Every structure is written in C-alpha cells, then in structure tokens.
Amino acid sequence: MQTPFQKNLMNLAVAGACAMLAMPAYAQQTPADAPANANATAQPEAAPAASNENTVVVSGSRIAARGFSQPTPTTTLSSADLEKAAKPNIFESLIELPALQGSTGRTTNTFSTSSGIQGLSSLSLRGLGTLRTLTLLDGQRVVGANVTGVTDVSQFPQLLVKRVDVVTGGASASYGSDAIGGVVNFITDKKFTGFKSNISGGMTKYHDDKSGTVQAAWGKGFADDRLHVTLSGEFTKQNGIDSPGFGQVGAGGRTWYTNPALQESTKEMQAAGLPRFRSITNAQHIQYAKYGLITNGPLKGTAFGPNGTPYQFQYGSNCVGNFCIGGDRDGSVGAGTNLAMNFKRQVAYTRVSWDLDADNEIYVTGNWAQVSSVFSPNPGAAKQGNLSIRCDNAYLPASVAAGCLSGYPSGVMSVGTANAEFPANISVHPTRTQRRVVIGANGKFGLFGKEWSYDAYAEHGENKTIIDVQDITLNRRYDFAIDAVKDPATGQIVCRSVAARAAGCQPINIFGQVPINLAGWNYIAPSVGPRQHTDSTQNVVSANINGELAQGWAGPISMAFGAEWRREDYSVYGDPYGAGLAAESPYSATYPADPTLSVTGDNWFAGNYHNGKGAFNVKEAYVEFNIPFLKSATWGDANLNIADREEKYSTAGKARAWKLGATWQTPIDGLRLRAVASSDVRAPNLSELYAAMTVTNQAVNNNNGQSIQIQQRNVGNPALKPEEARNNSFGLVLSQPSWARNFNFSVDYYDIKVQNVISSLNPQQEVDLCYGGNQQVCSAVSINGPAGTNYVLAQSFNFASLHTRGVDFEMAYRKNMNAFGLPGTVTLRGLASRMIHSISDPGVPGTIPIEGAGAMTGATPKWKALVSQSWDGLMGGKLGLNLSERWIGAGVFNNEYIECQTNCPLPTAAHPTIYDNHMPGAVYVDFGGNYNFSKQVTAYFKIDNLADRAPVLVPQTNLSLGLNPAVYDSVGRTYRVGVRMNF
C-alpha cells in the first residue's frame with residue numbers, strides 16, 4: 001500500500017511529465033550522450049572535473065546536473081576501448097568484463113536443441129542471469145529477442161556506439177523492471193558527421209572459425225545543419241567450428257579433448273568408503289557403440305562392424321557404472337558438439353533528426369537486424385542400451401540371431417548405438433529478425449527562471465524468431481523402422497507394424513557400418529524437421545524531465561521525473577509433430593497426418609516446440625532527487641540521491657522500486673566515498689506467465705508413500721508476482737589526486753538479496769508442498785481422482801531466493817613517457833571482481849541452499865579479472881600496441897561436494913562425495929596493435945589467447961564436450977586483422 005508521500009511523488013512525476021512536454025521549449029539542449037565521467041574510472045584522460053558549465057548524464061541515474069556524482073558504480077568502455085579489443089561483435093568484448101558473468105553467446109548452449117536461446121547474445125551481471133540485467137540502447141528499451149524478453153546485443157548498430165556504460169548496481173528505480181543486477185547502456189553517436197568504415201577478417205590457429213566483418217556509417221547535416229541524417233550498415237560472418245563427429249578427437253586438430261567424464265561408483269563401493277564420483281579421461285560408455293552393441297544377456301559385448309560383422313567390443317579397464325577407461329571409443333559422441341556456432345549478423349540503422357530551434361530536436365530512428373546461426377548439438381542420436389531388439393529382426397547377422405533365440409527366452413535383447421550410420425548430424429538453425437522504430441524529441445526549456453531538459457519517445461519493436469531443426473528423427477518412426485522383419489509373402493524386409501507400413505514406414509539397418517536405406521532415412525528424418533515460429537512485440541511510450549528545482553545551501557537541488565507505458569506480447573507456434581495437432585499447428589503437406597504419431601506432440605528426438613501466447617502491459621512513474629547537503633572547505637562536499645518508482649502490471653499487480661544513495665567528496669585529496677541502497681524488481685516475463693503446455697507421464701508419491709501415475713502438465717503461471725531485491729553497495733573512489741594526476745582507483749562492496757525468485761518445481765515437490773499446507777501450490781495439484789484423471793501442473797512459483805555479494809576493483813593510470821625520454825603514452829587499466837557468495841535457495845522442503853561462487857560448472861568464479869596495458873603514440877604517433885590478460889581464479893567442481901579419497905561418508909543427494917573437487921583457473925593473454933597510415937586510415941591486428949591456452953575440462957556424468965564456455969576460452973588462439981577508415 002502506498003504512503004501519502006509515495007502517492008504525492010507519483011502524482012508529481014506524472015503531472016509534471018504531461019504538463020512540461022506540452023509547453024513550448026526554450027533553452028539549450030542538454031548533451032544526452034555526455035561522457036559518464038562522474039563515476040567511471042576506466043578512462044582517466046576523459047574524466048576532467050565537472051565545471052559549473054557542464055552537465056553530466058550517467059547511466060546509473062536520470063539526473064543531469066552540474067557537478068553531480070552519482071553513487072551507483074558505473075564502468076565505461078569508450079569507442080577507443082572497443083576498437084582495441086578488435087572483436088567482430090561488441091558483445092564479445094563486454095563479456096570479458098569481470099562484472100559480466102553468465103552471459104550467453106555463440107559458444108554457449110551449442111549442445112541444446114530446444115532451449116530457445118541458441119545464438120542469442122545476451123548479457124548477465126553478477127551471475128544473476130540475463131533476465132535480471134537490463135540492456136538499453138541510448139537509454140531506451142529494446143524489444144526482446146525471445147519470449148523471456150532479453151535483448152540480443154548482436155541486433156544493435158555497433159559501429160556508431162560511442163561508449164557502453166555498465167551500471168553494476170540495482171537501477172530499477174531509474175529504469176524499471178529487470179535492472180536487479182544492473183544496466184548495460186549502449187550510447188550511440190547521434191550527430192555523427194562524415195564517413196567511417198571497418199573491414200576485418202580472422203581465423204583460429206586451427207584454420208577454422210574464419211570470420212569477416214564489414215561496417216560503414218555516414219552522416220551529414222542539411223538545411224543549415226538543422227536536418228541531420230545518419231545511416232549505418234553492418235555485416236559479420238563467423239564460420240564457427242565444425243563438429244569432428246564421433247570418437248575421441250578434437251575439432252580442427254585440437255588435442256586437448258580426451259573424453260572426460262564423471263565416473264560414478266557402485267553402492268557397494270560407496271559403503272566401503274570410496275567416493276561416489278571420480279573424474280576420468282579416455283572414458284568409454286558401456287551402453288552403446290558406434291554401430292550397435294548388445295548390452296545384456298549372454299551376447300553382451302557383441303558389437304557390429306563393417307557390413308554388420310559381429311565382433312567383441314573392447315570395453316577398456318576400470319569399468320565402473322556406465323564408464324570404462326580406454327577401450328573402443330570410436331562411437332563417442334562427446335566431441336560432436338560445435339565449439340562455436342556458424343554465426344551471421346546483418347544490421348541496418350538510420351537516424352533522422354530536425355532541430356526545431358537551437359535547443360530542441362525531433363527525431364526518428366529505424367533499425368532492421370537479422371542474426372542467424374547454425375550448429376550441431378551432437379552427432380547421430382545415441383541410444384544408451386534402451387533399444388529392445390527381437391531375435392527375428394531381419395537385419396541381425398545369422399550367428400547373432402541364433403544366439404538370441406537360444407540365450408534370450410523372452411526373444412528380446414537390449415542394444416545401444418550411436419547411430420553413426422546416419423548420413424548427417426542434427427543441425428539447428430535459429431534466425432532472429434528485428435524491426436524497430438522510435439519517434440522522439442529532446443531539448444530544453446525555461447521554467448520559473450530555471451533550465452529544464454526533457455526527452456520523450458515512442459517505440460514500436462518486433463522480433464520474429466524462427467528455429468528450424470534439420471536431420472533429426474521422429475522417435476516412433478525410428479522405433480518402427482528398426483523393428484524389421486521379412487515379409488513371408490514377398491521375402492522383402494519390411495517394418496513389422498502393419499499400421500506403420502500403411503503410414504509409409506521404410507526399414508533401416510542399425511547393425512554395423514552399412515549404408516542406410518535412404519527411403520528409411522527419409523521416413524524417420526523428414527526433410528522438414530521441427531520448427532518454431534515466435535513473434536514478439538514491444539510498444540513503449542516514455543517521457544523524462546530533469547532540471548534544477550532550487551539553489552540549496554550546498555549547491556543546486558536537482559530533480560528528474562517521468563512516466564512510461566509499455567506493452568509486450570508474444571505468440572509462438574510449433575509444428576504438429578512437436579506441438580501437437582491444434583489450430584495453430586495443423587497438419588499440412590509439409591507435416592502430413594500420421595496415425596502412428598501422437599496427436600499431442602513430443603514426437604521428435606529433440607526440438608518439440610509448443611504453442612503459446614500472452615501479453616502484459618505496465619504503467620509506471622518515477623521521481624529522483626539529487627540534494628547537495630554539504631559544501632565545506634574543511635569537510636568536503638556531499639550529496640544525497642533518492643529515487644522512487646511505482647509500477648502497475650496488468651498481470652503481476654503493483655511493484656515498487658526505490659533508491660537511497662550518497663556520495664562524499666572528502667577533504668582528503670581525490671578521495672570520494674559512495675554508498676547506495678536500493679529496492680529493485682523483476683516482473684515475470686511472458687514465458688513464465690504464459691508458457692505453452694507440454695504433457696508427459698510421470699509418477700508421484702502421496703503422503704502415504706503410494707505411487708500414483710499422473711500427467712505432468714508443464715505450463716506457465718499467470719499468478720506469478722514480481723521478484724524483489726535489496727541491493728546494497730558502498731565503496732571509495734580515488735580520482736586523480738595531486739600526487740598522481742593520471743591515476744584513478746575504485747573499490748566497491750556489493751550485497752544483493754533477491755526474494756520471491758521465480759523458479760520451477762518438479763511434480764513431487766509440488767505434491768509435498770501441498771500436503772504441507774501450501775494452498776497456492778495445491779491449486780496446481782490433483783492426485784485424488786480416478787486413475788487416468790490425475791495431474792500436476794508443473795509451474796513456476798515465487799519460492800526461491802538468491803543472495804550474491806562480492807567486491808569490485810577498478811584502476812586506471814596514464815603516463816606520458818616523455819618524462820623518461822621515450823615516445824608516446826602508456827595506459828594501464830585493471831578490473832577485477834571477487835565473488836564472495838552466490839547462493840541459490842530453492843525454498844522448497846527437502847532442498848538446501850546451493851553456493852555457486854567458485855563452482856566452475858556454473859558462471860560465477862571466485863575471481864575474474866581483466867588487465868590491460870597499452871602504449872600509444874609510437875613512431876611519431878603512428879603506432880600503438882596493447883597487451884591484455886584475462887584471469888579466472890581456481891575453484892571447485894561443486895561447492896556441495898565432499899572431497900575424499902578413502903573413508904568417505906555415505907553420499908547424499910545434497911552432498912555427493914568426489915575424489916578431487918579442485919578445478920584450476922586460467923590466464924589468457926591477448927596482444928594487438930594499430931598503425932595509422934594517415935589521419936583517415938588505420939590498420940590493426942589482434943591475437944586472442946596468444947599462448948593457445950587449452951580449456952579446462954569440466955566432466956559430466958554423460959559423455960559430453962566437457963567444457964564450460966561461460967567461464968573458459970574454448971576456441972583457442974585467434975588471429976584478426978582489419979582496416980578502419982574515417983573521412
């Protein structure tokens with residue numbers, strides 16, 4: 001419930017926004033893209049002390065005021081920083097910043113067919129996830145690139161970016177929902193004049209991931225410079241790293257891949273004091289071989305080779321659980337995931353502005369962007385000993401068929417295979433297309449003898465995402481096709497099922513290295529595979545005003561206020577084989593009716609995309625004040641920064657965010673202290689609210705321990721409420737003291753607690769909570785009806801919590817080398833983040849909080865640092881060199897594991913035991929340089945991962961690539977060269 005004070009603040013914000021925008025504008029425009037020098041220590045040469053004539057806009061605040069130093073820590077990357085990084089995509093530069101942890105990209109989620117985030121370049125601060133990081137373009141929201149609402153940085157116009165502000169603190173009071181971890185704000189050059197371009201190319205040491213980038217921008221003023229037009233176009237292609245296919249072989253000749261796995265001991269071994277898990281290399285899975293392996297009975301260990309010839313499979317040694325060490329690893333599928341996706345981005349952008357007078361402009365921006373990627377999640381389609389093969393299968397060699405009849409009374413034996421006979425690997429093709437238009441105005445006007453500035457805009461954005469999957473099988477058709485018999489009438493091999501034959505079934509042979517029957521392949525893997533079509537739309541109307549209210553005893557009291565209305569909606573449709581037969585996903589010539597397939601969907605091996613739609617709107621208003629309260633030659637200067645935002649969602653109801661911060665410019669030379677406390681929010685997104693229903697069959701236990709068969713109905717939860725966070729930080733900034741004029745240093749401690757976290761529960765957890773008296777969950781549980789009618793709605797609820805805290809460090813120093821008789825200028829810069837805790841608590845009985853800090857299977861190492869050294873102005877100002885080091889601190893496999901070699905306690909689900917829990921860190925060294933042929937033409941080069949540091953292997957309980965690209969570099973040494981032109 002709002003207090004009268006809160007209501008007054010909101011009334012003032014809304015009324016003021018409407019009234020002032022209706023007034024004629026009279027004064028000089030505030031430079032909305034002025035450098036964020038009040039808080040960033042990244043560029044000392046770009047951080048002069050603010051004078052009384054300057055206003056400063058920083059992304060951590062809506063205040064633009066003379067001499068304002070906002071309390072929220074902000075790191076800035078200038079265009080010069082981004083040019084030195086020399087990446088094909090700005091996103092790849094940003095994710096190296098220590099505060100950014102858990103971002104997605106083209107090297108992450110390459111194993112996934114159905115996640116929907118493949119190829120999505122989205123940012124995550126503090127390891128809190130992309131959903132809790134707000135990414136803006138010129139302070140404006142951008143339409144989400146998938147149903148979760150997260151933006152795709154690859155769709156931004158990047159050549160025109162002047163700087164990127166990374167606000168490492170809660171900023172919901174200033175910018176609204178999602179800014180729990182912070183804000184990343186891309187600031188473009190709105191008055192660019194002239195022509196500039198960038199052309200670059202590169203590849204890895206292994207002659208793969210070849211890339212090319214072409215960017216160009218043009219800007220010109222017309223009509224006495226009142227009309228300004230800017231155009232830009234960008235094209236980037238990165239070919240990715242192809243799958244090497246089957247076996248213990250690294251992509252492109254990389255030798256570091258050694259079939260890593262976590263080997264699980266038996267219950268007897270654990271009872272004898274041995275650990276449950278042990279990390280091994282050269283692992284061989286015992287449940288399948290490249291072209292088929294019998295996994296049970298007297299013929300166990302019989303594999304199939306060329307022409308289906310049976311042979312004795314080589315299991316290797318130390319066989320425990322599902323793995324042996326060594327043996328025949330030809331059928332291993334672990335290395336078959338792409339290390340990096342084949343990636344293409346195309347962006348076209350324009351901005352047209354008209355100066356109404358010297359102080360005010362109106363503008364229109366348009367952006368079209370298309371980002372597509374291609375990758376293979378795995379080769380073949382491994383079946384781990386779960387195929388039931390009858391003894392009369394027509395493709396079984398005669399000796400094996402005879403052994404089956406004599407040794408298997410049931411007439412059925414179990415077979416596992418990697419399905420290496422498939423003619424192509426599964427390939428996933430996501431394509432995201434954005435169309436975005438913004439109409440806006442900004443400027444200044446005079447009121448009551450004071451100068452006020454405003455900006456207002458209306459945005460319409462659309463994102464269409466299409467995910468196509470190729471060369472993937474339909475499970476039921478595969479099962480029908482491999483169950484082959486001889487037709488007694490014709491002697492030909494046919495599918496056993498009469499119904500399947502009537503539906504077009506063609507048999508296939510999975511025993512041995514034999515060419516697959518192409519008719520059978522086309523039957524089990526249709527030419528058109530799973531497809532998902534998603535339309536996302538965002539409409540925004542926003543107005544912001546700021547200026548000086550009055551002159552206080554310690555300086556001008558400043559105010560910013562505004563209001564925003566936003567609507568977001570989405571619709572997603574799958575194919576009838578994956579989504580199920582529905583009006584949105586009907587049978588067609590592309591997907592003809594097949595009576596042998598389930599009409600409820602989920603027929604594909606993977607990529608079963610379902611239908612759904614939903615929408616919400618939000619109305620919000622905010623007010624922010626900067627109040628100087630101390631100005632003393634003895635005690636220094638101090639100001640108070642407060643903000644409040646009230647939001648009303650059509651779905652989640654009311655939410656409130658606030659901020660209370662202060663800065664103190666102490667009397668100690670160059671030393672400033674800052675602190676901020678905030679309450680931040682994240683409203684449930686469209687996917688969480690309206691996720692399409694999927695149905696699977698499961699079993700749960702009631703409170704009497706009786707097992708009950710249910711339908712697990714995975715579905716969104718429209719009753720979700722916003723997540724609520726408390727964000728506290730304090731720190732010190734040492735900025736260019738008299739004894740070190742070119743030195744800046746900051747250290748900030750942060751503590752973020754998020755309550756009502758939206759997370760999903762499994763059916764058994766929901767049943768247990770319901771029996772425990774939770775009425776909210778009981779509405780999703782129905783297990784006391786007749787057989788066949790029981791179900792559990794597997795939904796997300798506001799039960800979980802997150803708690804993360806740590807320390808950030810930032811340093812920059814610049815020195816003119818003339819003092820040492822050397823040419824040029826040296827700049828040193830360092831950023832580091834120490835993650836103390838990253839605790840996730842499911843909030844469900846029977847579970848425990850999980851510590852993620854330093855768990856190297858996650859995204860939050862204890863230490864992450866980026867240090868750089870550059871020497872510019874060599875050879876008469878023509879040459880510049882730069883060196884940088886990326887450091888990841890050592891950690892553990894999992895903080896909940898108990899490390900032991902002997903006399904281990906019995907493992908539990910919460911605390912398994914492991915032989916060695918240590919995971920090493922890594923240091924990556926990058927080297928680059930640039931040479932100015934003239935003021936207009938600059939050539940540059942960059943070598944990333946100069947030492948070709950191999951990634952640390954992160955084994956899993958199944959055969960996988962065994963990497964964590966969210967933490968470690970998985971690509972290897974990469975070379976790039978390019979030319980920049982500016983006229």
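Please read all numbers here as calculations on a predicted model, not as lab measurements.
- Between Ala800 and Ser759, the closest heavy-atom pair is CB-OG, 3.3 Å.
- To the nearest 0.5 Å, atom CD of residue Glu766 and atom OH of residue Tyr771 are 13.5 Å apart.
- Each of Asn774, Val777, Leu761 was checked for a side chain to side chain contact (heavy atoms under 4.5 Å, CB included) with Val844, and the lone residue meeting it is Leu761.
- Remark: side-chain polar atoms of Arg345 are paired, donor with acceptor, to backbone N or O of Ser154 under 3.5 angstrom.
- A distance of 11.5 Å separates NE2 in His460 from CZ in Arg436, rounded to the nearest 0.5 Å.
- When all heavy atoms of Ser124 and Ser103 are compared, the pair lying nearest together is N-OG, 3.0 Å.
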Between His803 and Ser801, is the side-chain hydrogen bond (donor to acceptor under 3.5 Å, both in side chains) condition met? List the steps.
CA-CA 7 Å; His803 183 195; Ser801 64; over 6 Å; no
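- Looking only at side-chain heavy atoms (C-beta outward), Leu100 and Leu125 come within less than 4.5 Å of each other.
- Between Gln434 and Val142 there is a side-chain heavy-atom pair separated by less than 4.5 Å.
- For the atom pair CG (Leu136) and OH (Tyr175), the distance works out to 6.5 Å, reported to the nearest 0.5 Å.
- A salt bridge is defined here as a Lys NZ or Arg NE, NH1 or NH2 lying under 4.0 Å from an Asp or Glu carboxylate O, and Glu688 with Arg682 meets this definition.
- For Asp471 against Asn425, the heavy-atom pair with the smallest separation is CB-O, 3.5 Å.
- The main-chain N or O of Ser679 is never found under 3.5 Å from a side-chain atom of Ser172 such that the two would form a donor-acceptor pair.
- Separation of atoms CD (Gln532) and CG (Asn608) is listed at 11.0 Å; rounding is to 0.5 Å.
- Annotation: side chain of Phe186 is in contact with side chain of Leu94 (closest heavy-atom distance under 4.5 Å).
- Expressed to the nearest 0.5 Å, how far CD of Glu646 lies from NZ of Lys619 amounts to 15.0 Å.
- Asn964 places a side-chain N or O within 3.5 Å of a backbone atom of Met856 that can act as its donor or acceptor partner.
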Exercise for review: Given side-chain contact (heavy atoms from CB on, under 4.5 Å), test Ile783 with Ile710 step by step and report yes or no.
Suggested key: CA-CA 7 Å; Ile783 63 172; Ile710 61 147; 3.9 Å; yes
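- Looking only at side-chain heavy atoms (C-beta outward), Lys383 and Asn386 come within less than 4.5 Å of each other.
- Contact record, Ile758 with Glu723: N-OE2, 2.9 Å, taken as the closest heavy-atom pair.
- In terms of heavy atoms, Val967 sits closest to Gly858 at CG2-O, 3.3 Å.
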Evaluate the criterion side-chain hydrogen bond (donor to acceptor under 3.5 Å, both in side chains) for residue pair Gln384 and Asn958; output intermediate values, then yes/no. CA-CA 10 Å; Gln384 298 186 14; Asn958 59 350; over 6 Å; no
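- The shortest side-chain heavy-atom distance between Val715 and Gln795 falls under the 4.5 Å cut-off.
- Looking at heavy atoms from C-beta onward, Leu123 lies in side-chain contact with Ile95 at the 4.5 angstrom threshold.
- The pair Glu564-Arg566 meets the salt-bridge criterion, with a side-chain N (NZ, NE, NH1 or NH2) lying under 4.0 Å from an Asp/Glu carboxylate O.
- Under the 4.0 Å criterion applied to side-chain N and carboxylate O atoms, Asp594 and Arg477 are assigned as salt-bridge partners.
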- Message: Run the side-chain hydrogen bond (donor to acceptor under 3.5 Å, both in side chains) test on Asn419 and Tyr478 for me, step by step, so that the C-alpha distance in whole Å, both residues' side-chain angles and the decisive distance to 0.1 Å come before the verdict.
- Response: CA-CA 11 Å; Asn419 279 306; Tyr478 175 87; 3.0 Å; yes
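- Under the 3.5 Å distance criterion, the side-chain polar atoms of Ser588 are matched with a main-chain donor or acceptor of Thr590.
- Remark: side-chain polar atoms of Asn89 are not paired, donor with acceptor, to backbone N or O of Glu92 under 3.5 angstrom.
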Check residues 598-606 and write down every donor-acceptor pair under 3.5 Å in which the side-chain atom is one partner and the other belongs to a residue at least two apart or another chain.
unit_1	atom_1	unit_2	atom_2	d
Ser598	OG	Thr600	N	3.2
Ser598	OG	Thr600	OG1	2.7
Asp602	OD1	His610	NE2	2.9
Asn603	OD1	Ser598	N	3.0
Asn603	ND2	Tyr577	O	2.9
Asn603	ND2	Ser598	O	3.0
Trp604	NE1	Asp575	OD2	2.9

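- Relative orientation of the Tyr649 and Phe616 rings is tilted, given thresholds of 30° and 60° on the angle between their planes.
- With a 4.5 Å cut-off on side-chain heavy atoms, Ile850 and Asn895 do not count as touching.
- Atom OG of residue Ser585 and atom OH of residue Tyr591 lie 10.5 Å apart, to the nearest 0.5 angstrom.
- With hydrogens and angles disregarded, a donor-acceptor distance shorter than 3.5 Å links the side chain of Gln118 to the backbone of Ser112.
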Which pairs of donor and acceptor atoms, one on a side chain in residues 371-379, lie under 3.5 Å apart (sequence neighbours left out)?
unit_1	atom_1	unit_2	atom_2	d
Ser376	OG	Asn378	O	3.4
Ser376	OG	Ile426	O	2.9
Asn378	ND2	Gly380	O	3.3

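- The pair Arg141-Glu459 does not meet the salt-bridge criterion, since no charged nitrogen lies less than 4.0 angstrom from a carboxylate oxygen.
- Arg106 contributes no side-chain N or O that, together with a main-chain N or O of Asn342, makes up a donor-acceptor pair within less than 3.5 Å.
- For the pair Gln776/Phe799, a side-chain contact is recorded, criterion being any heavy-atom separation below 4.5 Å from C-beta on.
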